[in-house]
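In what follows, chains are A, B, ... by sequence order, proteins preceding strands, each numbered from 1.
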Amino acid sequence: MNPAEISDALAALAAKPYDPVEFPFEFAAATDNNPATIAKLQNGSFNKSDLPGGVLMNQKFHFAPALNGMTSVTLDALRANKRTLKHKPAILITSDGVEVSAEHLKSGDTLHCAFTELGDRFGFFLPAAGKERYRAAEENPVDIKVAGKLAKLYDALIRRNPDWAAEDRRHDMNQLMTRLIFCLFAEDVGIFPDNQFSRLIFTHAGDKGEGMREVLISAFTAMNTSRDKRDALPAWTREFEYVNGGLFAGAIDAPMFDAPSARYLRDVSAEDWKGINPDIFGSMIQSVTNAELRSELGMHYTSVPNIMKVLGPLFLDELDAEIDRSWDRERALRQVLDRISKIRVFDPACGSGNFLVVAYRALREREITILSRISELTGGTQTEMWSVIPIRNFYGIELTDFAVETAKLALFIAEYQANAQFKEAFGRKPADLPLRDAANVVCGNALRLDWEAVCPVPEDGGEVFIAGNPPFLGSTNQSKEQKADLAHVFAGQVESFAAFDYVAGWFYKVSLYLRGRTARSAFVSTNSLCQGQSVAAFWPHLLRDDLEIGFAHTSFKWRNNASANATVMCVVVGLRNRSGLPARLFSAGVSMDTSNINAYLVPYQNIYIEGTRNGLFSLPPMDYGNKPVEQGHLLLDQAERDDLIRENPGIKKFIRPFMGSNEVVKGTTRYCFWIRDEELLEAREFEEIRIRIGRVEAFRRGSTDAYVREKLLPRSHAFKQVFEAKRHTIAVPIHTGETRPYLPVARFSSDVIFSNAAMALYDAPDWCVAVIASRLHLVWISTVCGKLETRFRYSNTLGWNTFPVPKFTEDQLAALTKSAMAILRCRLTHHPKTIADLYDPDKMPEDLRAAHKANDDLLESMYIGRPFRNDTERLEHLFKLYAARVKKLKKGAA
DNA sequence: AATCCGACACCCA
DNA sequence: TGGGTGTCGGATT
């Protein structure tokens, strides 16, 4: 059962009179226990409670009835009960029929509410159904101000030095910015003496910035030179610390400054850099350096809440549990510390290092927790001198040079801040300078590089955790180079990969890395990787029979602190070697353990629904709508049509109503020219038609699709597909809103032409409406078809042709036809309300709801002799029927 | 020839 | 300006 179903079940329970004997069993049923388990609970064999009237279900809940007004007292009794301690129920619950008191044992949270509110408070009771609530990490406010000022400085420098914007100087410019940022940060947080850097450069560069270039070159050179070798440099540079660390190694140059750029530099150095959040520091710097890409780069960085969706279940949660278990044993804690010291974190799409920084900080925080506890346990005699987590254990691959530099810098800064925390806790830290060791961030194309060369598999028993947010790009939008990258990964491995999203390359490469290793991975991905055609095409090759999904987050909307957010729905998928351990599924604020998560991110065994042109069951063929491919030149709106017909009455015979999803759902009307080949000469008599055909020809001539140029260009009076009905059409919009409780199928007269925004059953029997309009069909479509973000996407090959139906009898078909008609007639009684109005989940009329309910009950009884209990049961039954049918067909073919 | 997809596209409050 | 909700034609099969 999903949370919504549990909510409904609890609401139903709360609406009935309270019976203290029946209540615990009904509560068990409402929290997803099957009838057999409940029967055993009732006959006492599963009931562990020793309280009068009590029911205790292992791990799930402990109930005892309360006397009037005494729910708090009974809750105390439940909490203190020995059996409670032994069997660890998730939830304690008691009621007197008026009040409910409950407690979540793990967190100690309590709930006191009216009995009738049980349904509204379902979230509290989810743990009794094996689902734990989780809260996403909070978004930290970022210092947008600093980034804005950096951007101004950058722009001013480019205005003064246009050549520094060119490709061959980009690296120098990037390096200048990172060095400046490091120095401004260092002088504010105490790595350098207070304000040393800005004081020295502004003292020696003059007011208008005229000497800034030479001053910066001298300063940076000094930081790369040990103090005793600075004879060739101005005397004032002696003051600087020796920094090194790669940041100041290599060529040192700086652009010319002018008055505005010097002013912006002063502005930005006046900011308090202590408050900078290093988690996404890199992205902010990166967005500074490219005015055009500024919004776009910012658009794609991964915010901390999203990073925690990946790193938490990948390894941090498990580490916390281990620390918890070891809390009272010094030896065990030292083992955890040893484990942490060997962990390698690898982000093969690291950008400016957000994931690596967050992972590094998380590990350093846990190290301090462990050391503090060891200190407590040993009475302060612990002798650790220093952190065991080196930043060289953090690996990354990134395509753009500047991002690589900022990633390294962000890790330096994170290390500095972690050291400061360490000092606060233990009173000591090593010297900050010179910078010693660096993260292993490589500049290159992750789909071309050998990942084992970048992040070697450790030989000391260490673990590798691979995480990141690789780029998503559908096949339509990939460049030639990107397609070649995918070919490099998949050629010879997978027969058909050209339709894969770019992100699939990362998933496949990580699967090769993980196999048989002490390593796990988790990536953010576009949700389409786990939907529709990609599932059957990609996932069997990825998982084979030795990998599994260890955890997953179902679709969530992309959000970060950028002003413009990318519009995309994401998932997080964690991969691991097959383990026999439970997998954890996160969905809408709830997590649950399950024996398997399949590639649709459904808690069910692995199953792949393959699109097919031939129906697997006995349903009539469904066609794709008519695809115009004419840049709108054959289409008309209502006014255009009316005007044309007024001026040329004869043109009417070539104009037909034209409908896609929008028109079906909202009841609007568009029209199209519909010219049969044999009528072309007659049609061309009209000047308007000649002009429009000419425009279509021009458009088709310029298409990149050879089929359009060669086959469609000579037929520019017509659409690409040409289908029409003889008697009537049953049409299903392809993309429609997911909040509607039913798919907006409708029936139209034969004059209407359907666009490729709809699927069409031409002249098909009306009982098809009953099937498509059913809850059962919606559940199937929403699971096995693709989505447009979260919108339903109807497909004939994936959804209709694969939909399992029993062999209907004539009587059943007659009943379904009647039911379909009842729905259609009911809609008519609400004329002129549109389908969008009628199927608004908040405003759906009761009689229409009833007609659909009757239709659902009728259809479902043809499957199992009764209505299904919930969507979970619906889906599992459909999966079973599909698998059985495919198995039978394969046997027949063999 | 047919159709799945969109780090979307576009409309409207 | 962002929530609400489906066009349209390229690229792949």
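At whole-Å resolution of the value, CE in A:Met759 and P in C:dG6 are 16 Å apart. The distance between atom NE2 of A:His633 and atom C1' of C:dC8, rounded to the nearest whole Å, is 13 Å. Atoms CG (A:Leu473) and P (C:dA11) sit 12 Å apart, rounded to a whole Å. The CZ atom of A:Arg791 sits 14 Å away from the P atom of B:dC8 (whole-angstrom rounding). In this entry the distance linking CG of A:Leu635 with P of C:dG9 reads 8 Å, nearest Å. Here the P atom of nucleotide C:dG6 and the CE atom of A:Met659 are 13 Å apart, to the nearest Å. Atom OH in A:Tyr707 sits about 14 Å away from atom C1' in C:dG9, given to the nearest Å. The separation between A:Asp840 atom CG and C:dG3 atom P is 18 Å, rounded to whole Å.
By the 6.0 Å contact criterion, NZ on A:Lys833 is open, its count of non-hydrogen atoms from other residues, nucleotides or ligands being 12 or less.
Atom C1' of B:dG6 sits at a distance of 14 Å from the matching atom of B:dC10, rounded to the whole Å. The separation of B:dC11 from C:dG9, taken at their P atoms, amounts to 15 Å, rounded to a whole angstrom. Of the P atoms belonging to B:dT3 and B:dA7, the separation is 23 Å, rounded to the nearest Å. Nucleotides B:dA9 and B:dC5, compared at atom C1', are 14 Å apart to the nearest Å.
Looking at heavy-atom distances under 4.0 Å, A:Ser755 makes no contact with the nucleic acid at all. No engagement by A:Glu738 is indicated, since no non-hydrogen atom pair under 4.0 Å with the nucleic acid exists. Base contact: A:Lys627 has a heavy atom under 4.0 Å from a base atom. Base engagement by A:Pro470 is indicated by at least one non-hydrogen atom pair under 4.0 Å involving a base atom. As judged by a 4.0 angstrom heavy-atom cut-off over every strand, A:Asp501 is placed among residues making no nucleic acid contact.
The phosphate of B:dC8 (OP1 or OP2) has a side-chain N or O of A:Thr567 nearer than 4.0 angstrom. Phosphate proximity of C:dG10 to A:Ser703: present, with a side-chain N or O under 4.0 Å from OP1 or OP2. Proximity of A:Ser528 to the phosphate of B:dC4: no side-chain N or O atom is located under 4.0 Å from OP1 or OP2. Contact annotation: A:Arg793 side-chain N/O to B:dC5 OP1/OP2 distance is under 4.0 Å. In terms of phosphate contacts, A:Ser661 brings a side-chain nitrogen or oxygen within less than 4.0 Å of OP1 or OP2 of C:dT7. Here A:Asn756 does not reach the OP1 or OP2 of C:dT7: none of its side-chain N or O atoms lies under 4.0 Å away. Proximity of A:Ser795 to the phosphate of B:dC4: a side-chain N or O atom is located under 4.0 Å from OP1 or OP2. At the phosphate of C:dG6, OP1 or OP2 sits under 4.0 Å from a side-chain N or O atom of A:Arg740. Under 4.0 angstrom from either OP1 or OP2 of C:dC8 there lies at least one side-chain N or O belonging to A:Arg670. Residue A:Asn477 places at least one side-chain N or O closer than 4.0 Å to OP1 or OP2 of B:dA7. Note on A:Ser496: every side-chain N or O is 4.0 Å or more away from OP1 and OP2 of C:dT12. Between A:Arg613 and the phosphate of B:dC4, there is no side-chain N or O to OP1/OP2 separation shorter than 4.0 Å.
The base of C:dG9 lies outside donor-acceptor range of the side chain of A:Asp705, with no N or O pair under 3.5 Å. With hydrogens and angles left out, the side chain of A:Tyr624 and the base of B:dC4 share a donor-acceptor pair within 3.5 Å. With hydrogens and angles ignored, a donor-acceptor pair under 3.5 angstrom links the side chain of A:Lys720 to the base of B:dT3. On a pure distance criterion of 3.5 Å, no polar donor-acceptor pair joins the side chain of A:Lys557 and the base of C:dG3. Interface remark: the A:Asn469 side chain does form a donor-acceptor pair with the B:dA7 base, using a distance-only criterion of under 3.5 Å. A donor-acceptor contact under 3.5 Å is formed by the side chain of A:Glu789 with the base of B:dC8.
Between A:Arg775 and A:Asp871, at least one side-chain N (NZ, or NE/NH1/NH2) sits under 4.0 Å from a carboxylate O, which counts as a salt bridge. Salt bridge A:Arg676/A:Glu724: present, at least one basic N to carboxylate O contact under 4.0 Å. Between A:Arg695 and A:Glu688, none of the side-chain N atoms (NZ, or NE/NH1/NH2) sits under 4.0 Å from a carboxylate O, so this pair counts as no salt bridge. Taking 4.0 Å as the cut-off between side-chain N and carboxylate O, A:Lys843 and A:Asp837 do not count as a salt-bridged pair.
Cation-pi geometry between A:Arg641 and A:Tyr671 is satisfied (NZ or CZ under 6.0 Å from the ring centre, within 45° of the ring normal). A cation-pi arrangement is not found for A:Lys726 relative to A:Tyr762, the charged atom failing to lie both closer than 6.0 Å to the ring centre and inside a 45° cone about the ring normal.
Taking the six-membered ring for Trp, A:His717 and A:Phe654 have ring centres at least 6.0 Å apart.
C:dT5 is paired with B:dA9 under the Watson-Crick or G-U wobble criterion, all donor-acceptor distances under 3.5 Å. Of the nucleotides present, C:dT13 is the one that pairs with B:dA1 by Watson-Crick or G-U wobble criteria, both distances under 3.5 Å.
Nearest to the side chain of A:Leu788, among C:dG9, C:dT7, B:dT3, sits C:dT7. For A:Lys483, whose side chain is taken as the heavy atoms from C-beta onward, the closest listed nucleotide among B:dC5, C:dG10, C:dA11 is C:dA11. Comparing C:dT12, C:dG9, C:dG10 by their nearest atom to the side chain of A:Val708 picks out C:dG10.
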